[in-house]
Amino acid sequence: MNPFIIEILQIVLLLALAPLFAGWVKMVKCWIQGRTSPSLFQPYRDIRKLLSKDVILAENASWIFRFTPYLVFGVSVMAGGIIPMLSIDLPFSATADVIALVALFAIARFFTALAGMDIGTAFGGMGSSREMTIASLAEPAMLMAVFAVSLVGKSTSLSQIVLVISQGHSLLRPSLVFALLAFILIALAETGRVPVDNPATHLELTMIHEAMILEYSGRHLALIEWAGMMKLFLFVVLGIASFFPWGIAMNDDLTAIASAFPILLLKLGFVGAALVLIETGMAKMRIFRITEFLGTAFLFATLGMLSYFMLE
Amino acid sequence: MDFSPITFIASSFAMLLFLLALTPFLRLNQRLLITIGFSLTTIASLLATIAGIWAVSSGIPYQVIVPLGLPDLPFHLRLDLLSGFFLVVVGLLSFFVSIYSIGYVKGYLGHRSITSLVVFYALFLAGMLLVVLADDAFFFLISWEMMAAASYFLVLFEDEKIENRRAAFLYLVVAHVGAIAILLSFGIMAGLATGFTGFGSYTFDAMRETELPVGWASVAFLLAFFGFSAKAGVIPLHVWLPEAHPVAPSNVSALMSGVMLKTAIYGIVRVVFDLIGVFPWWWGALVLVFGLVSAVMGVLYALMQHDLKRLLAYHSVENIGIILIGIGLAMIFTSFDMSLLAALALIAGLYHTLNHAMFKGLLFMGAGAVLQATHERNMEEMGGLIRYMPWTAVLFLIGCISISALPPFNGFVSEWLTYQAFLLSPALPSPLLNLLIPLGAALLALTSALAAACFVKAFGVTFLGHQRGQHQGQVHEVRWSMRIGMLLAALTCLVLGVMPTFMIKWMDPIAEDLVGGTIAASASGFGWMWLTPIAAERASYSAPIAFLGILSVVVATYLLLHTRPGAIRRVPLWDCGFEKITNRMQYTATSFAMPLRRIFGYLFNIKEHVRQLPPATHPSFPERLHYHLKVRDRFWGWLYQPVVDASFWLSRRIGRMQHGHIQVYLIYSFVTIVVLLIFLR
């Protein structure tokens, strides 16, 4: 199969599966908490409804506010073309290595934070301030985890990391175990999940990400929400690719890709359930406890890197 | 006469001299002086840039001996690859800033005479150009002092303000302490070249050919590193920088921060790689550690500032740190004979040097535009400027994105290369370095994340939201020449970010010359669109594709969503249904940085007071709160305050000898003469 077709297939899968994954997480959460769940396809309906609504825009919103949803969406789609989901034979995978990928997410966040400040409400500024604070603690930890993995893979290119790790047959390397622990903590923080932020809340004092996007409506909100789902999905896929790559096709062989798809679905279902267990089992932290949380992540990542130099 | 880079650089100096000669006649017509003066500096810097580009491309060093100066000590000039590169750094930004100055300096018309500004601006420019061209210790120090003195007078331009006089004095003191260290360093190198009796070895050529013993080389290096660090603003020698840069006129701050600090980087590279050449690894580790400390502390101090120009000044400390990280890594790799990695790290450092000149120059020009429009440096008094100054806002935003190391702009490329240099270092034969290098990478990551937070704050508080200040009704966009200066710098940021392979190809001979390795062949091994510093399977980054990819998705989504005519209704703020929102309820710069101030508070000297103002019927409902916050640099208390106190104490002690009686003074003279006669017969 032509690599470009795989590329397009991946992006289509990203756009389609991200809301489904969000719906799955919500459904499992409801089951575990003893509530009746909405349909698995509720996120699609939400997006469709928002897309068909008119935009209500604050009177002093500048172009930054209107440009941000498109940029955030564009960055997410671009990232989806880089992270190996089904196959590592992607023409765009050389566009950005892991470091550049982290930077791509950073530019989306940069603009979201600016959009939060653009309207000039107290909530927007609060959300931006908190988001940038958490990001500036999470990003070094994220890069350290990435470095630990890339030392094992001898490369910062994702395709190469997947190739090396899936051939090495060993998750038992100490550096990878520490990096995985760090990555889980960081992914919770970066995607705004429960111990750090609550994606479902509109309580003034607890919200972080929501506070920045309070003033969005209509198609702008649809894009932001969709991009948020894609970000969660991409972090899960990134974790799968760098720590559990078994099953991802190593070439553009049709049968390999066909078998990679059910394996991906299986892994996603499993990770979604694990995410729900973490979220249900933990309470949301006070904002200044997040320092310790991300400090732990940073420590794990550093240990991973040092153990590579010391033990391997 | 042969047509060579020397022709260009000579005509550049001719322009500056012509301007200085013209000034006495033009000073009566100030408006004409501004136009002609800054047009001439524009041409002069453009000529210097061309000379630099040509010198690097041709790869041949050009040497000139000018029979000026003291008898038997002619001035030596040399335009080689390294000088050429720094000529481009100095020339290119000066070119943009000179265009900008044509409009900016007109803001002073009617308030004060700008003659001294034009004269010292030209001298400052000439000083910087001569520093990178000088090829002997004597001429280097003369140019160095010319640069320092000219910039001292520029900092002092608005000399009626006490803070300006204080900042200029502090700058002069630190500059001279640094200059003495550099002088001693050259003295050691020259002395060991031919012995301490003759003058023959004051040229860099003589120093280059001498193999110094390691001990003396280390002393020379430490002195030079100290001296150049004082100029570059490396922590803990940075204290003058956040004082002097904000108070200078903004076009001068752009040059001081953007390129004057780089002459110190030039000095370090020249002394270490060219003049000394062979060195132990701990030199590199020292530079790396100072770089890391400067990077992290610089950005943290910047976060606490609410004066826009002071914030930018602290960011120069940070970026000098990042440059030193690259240079320190290059030194470590060179001492272990890993020339490929040394070339990568050196190119990362030099690339960041050029990048920082561009985006910091752009940001200072933007801050100058804001200052001219609002007469305000305090961000808390701004807000909402994006509606009144759309051009400045966009261009300043580009500077913010570039300095926060976000793709596709230039800051990201050089930081990415630095990360690669960190990561590609295989296990070095030193356990200490194996610990230091991963931690260094983490600290660099922390730095760039904090920089992004800082520039969300700077841009968000200044340009977005509602207006906070009093006089913003009259704020309007700045003059065209200022916009063009900023626009050119912003375009350069984009080009340097999107087409890094061309730059690396051009810079490659410098690395080959200094550390004996090249990376251009591997870096553009997959065509100009892909940056693959060592090999494609190790790491790759394609700025053009990332840029065009995101752009095309954005455009496609926009067009797709606008097929159906959906109305946009403009309504008042929602804010969760809160109605009586006022401008004062926005987040300010201080409140934005509050979480980070809490987290990293132990690094600062923070004094925070909250006072309730009466009348308050009940403590839960105070009428007004008075909040006072003072954040200070810890280094001032640790290092400088003791020196200041000691010198005051000493002065008071010595003051006791002063009685005002002539006979006592005569006794002092008599005793001195007797002592001299005894000991110095």
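Just the heavy atoms: all of them, side chains too, but no hydrogens, waters or symmetry mates, feed the values below. Computed from a predicted model, the values in this text were never measured in an experiment. Quick note on labels: first sequence line is chain A, next is B, and so on, each numbered from 1.
- Both the backbone and the side chain of Leu214(A) come within contact range of chain B, judged by heavy atoms closer than 4.5 Å.
- Only the side chain of Leu223(A) has a heavy atom closer than 4.5 Å to any heavy atom of chain B.
- For a residue to count as touching a neighbouring chain, one of its non-hydrogen atoms must lie under 4.5 Å from one of that chain's; by this rule Gln160(A) touches chain B with the side chain only.
- The greatest number of non-hydrogen atom pairs below 4.5 Å with chain B, out of Ser157(A), Ala94(A), Ala103(A), is found for Ala94(A).
- Looking at Ile82(A), neither its backbone nor its side chain comes within 4.5 Å of chain B, counting heavy atoms on both sides.
- Ring-plane geometry between Phe65(A) and Tyr216(A) is classed as parallel, the angle between the planes falling under 30 degrees on a 0 to 90 degree scale with a further cut at 60.
- Looking at residues two or more places apart in sequence or on another chain, you find no side-chain hydrogen bond (donor to acceptor under 3.5 Å, both in side chains) involving Thr291(A).
- Of the residues considered (Val98(A), Leu143(A), Leu71(A)), Leu143(A) shows the highest number of contacts with chain B, using heavy-atom pairs under 4.5 Å.
- When the options Ile99(A), Asp97(A), Val146(A) are evaluated for a side chain to side chain contact (heavy atoms under 4.5 Å, CB included) with Leu423(B), the one that passes is Ile99(A).
- When side chains are defined from C-beta on, Val149(A) counts as touching Ile165(A), because their heavy atoms get closer than 4.5 Å.
- The choice from Ser76(A), Ser93(A), Ser128(A), Gly81(A) that makes the most heavy-atom pairs within less than 4.5 Å of chain B is Ser128(A).
- Between chain B and the options Leu158(A), Ile287(A), Ile64(A), the largest number of non-hydrogen pairs under 4.5 Å is found for Ile64(A).
- Taking the side chain as every heavy atom from C-beta outward, Cys400(B) and Phe110(A) approach each other to under 4.5 Å.
- For the set Ala453(B), Ala405(B), Ala449(B), the entry with the most heavy-atom pairs within less than 4.5 Å of chain A is Ala449(B).
- Put simply, the side chain of Thr95(A) reaches to within 4.5 Å of the side chain of Trp530(B), judged on heavy atoms.
- Most heavy-atom pairs under 4.5 Å with chain B, from the set Met305(A), Met144(A), Met132(A): that is Met132(A).
- Within 6.0 Å of CH2 in Trp574(B) there are more than 12 heavy atoms belonging to other residues, nucleotides or ligands.
- Comparing Leu443(B), Val394(B), Thr588(B), Ile599(B) by how many heavy-atom pairs each has under 4.5 Å with chain A, the most go to Ile599(B).
- Residues Glu190(A) and Val196(A) have side chains not in contact (no heavy-atom distance under 4.5 Å, counting atoms from C-beta outward).
- Among Pro572(B), Gly549(B), Ser404(B), the residue with the largest count of heavy-atom pairs under 4.5 Å with chain A is Pro572(B).
- By the 6.0 Å contact criterion, CZ on Phe600(B) is enclosed, its count of non-hydrogen atoms from other residues, nucleotides or ligands being greater than 12.
- Open room surrounds CZ on Arg289(A); 12 or fewer heavy atoms of other groups in view lie less than 6.0 Å from it.
- The residue among Leu303(B), Ile386(B), Val461(B) with the most heavy atom pairs within less than 4.5 Å of chain A is Ile386(B).
- Of the listed residues (Leu439(B), Leu450(B), Leu531(B), Ile550(B)), the greatest number of heavy-atom pairs within a distance under 4.5 Å of chain A belongs to Ile550(B).
- You'll find the side chain of Trp226(A) stays beyond 4.5 Å of the side chain of Val72(A), heavy atoms only.
- Contacts of Leu306(A) with chain B are made by side-chain atoms alone, with heavy-atom separations under 4.5 Å and no backbone atom involved.
- Counting only heavy atoms from C-beta outward, the side chains of Ser129(A) and Pro595(B) approach each other to under 4.5 Å.
- For the ring pair (Phe, Tyr, Trp, His ring centres under 6.0 Å) with Trp416(B), the qualifying choice from Phe409(B), Tyr541(B), Phe422(B) is Tyr541(B), the only one to do so.
- Using a 4.5 Å cut-off between heavy atoms, Thr302(A) touches chain B through its side chain atoms alone.
- The choice from Ser217(A), Ala100(A), Ala96(A) that makes the most heavy-atom pairs within less than 4.5 Å of chain B is Ala100(A).
- In this structure, the portion of Met78(A) lying under 4.5 Å from any heavy atom of chain B is its side chain and not its backbone.
- If you measure heavy-atom distances from Gln420(B) to chain A, the contacts under 4.5 Å come from the side chain alone.
- Proximity to chain A (any heavy atom under 4.5 Å) is shown, for Phe592(B), by both the backbone and the side chain.
- Taking the six-membered ring for Trp and thresholds of 30 and 60 degrees, Phe463(B) and Phe396(B) have ring planes inclined between 30 and 60 degrees apart.
- In terms of heavy-atom pairs under 4.5 angstrom with chain A, the leader among Ala539(B), Pro438(B), Gly460(B) is Pro438(B).
- Contact of Leu151(A) with chain B is made through the side chain alone, with heavy-atom distances under 4.5 Å.
- For a residue to count as touching a neighbouring chain, one of its non-hydrogen atoms must lie under 4.5 Å from one of that chain's; by this rule Leu397(B) touches chain A with the side chain only.
- Residue Ala61(A) touches chain B through both its backbone and its side chain, counting heavy-atom pairs closer than 4.5 Å.
- Neither the backbone nor the side chain of Arg109(A) comes within contact range of chain B; no heavy atoms are under 4.5 Å apart.
- With a 4.5 angstrom heavy-atom cutoff, Phe288(A) touches chain B only via side-chain atoms.
- Neither the backbone nor the side chain of Thr447(B) comes within less than 4.5 Å of any heavy atom of chain A.
- Side-chain atoms of Gln467(B) and Tyr388(B), non-hydrogen and from C-beta on, do get closer than 4.5 Å to each other.
- Between Pro91(A) and Asp89(A), the closest heavy-atom pair is CD-O, 4.0 Å.
- Side-chain atoms of Leu114(A) and Val456(B), non-hydrogen and from C-beta on, do get closer than 4.5 Å to each other.
- For chain B, the nearby part of Leu137(A) is the side chain; its heavy atoms alone come within less than 4.5 Å.
- In this structure, the portion of Ala135(A) lying under 4.5 Å from any heavy atom of chain B is its backbone and not its side chain.
- When heavy atoms are compared at a cutoff of 4.5 Å, Arg538(B) approaches chain A by way of both its backbone and its side chain.
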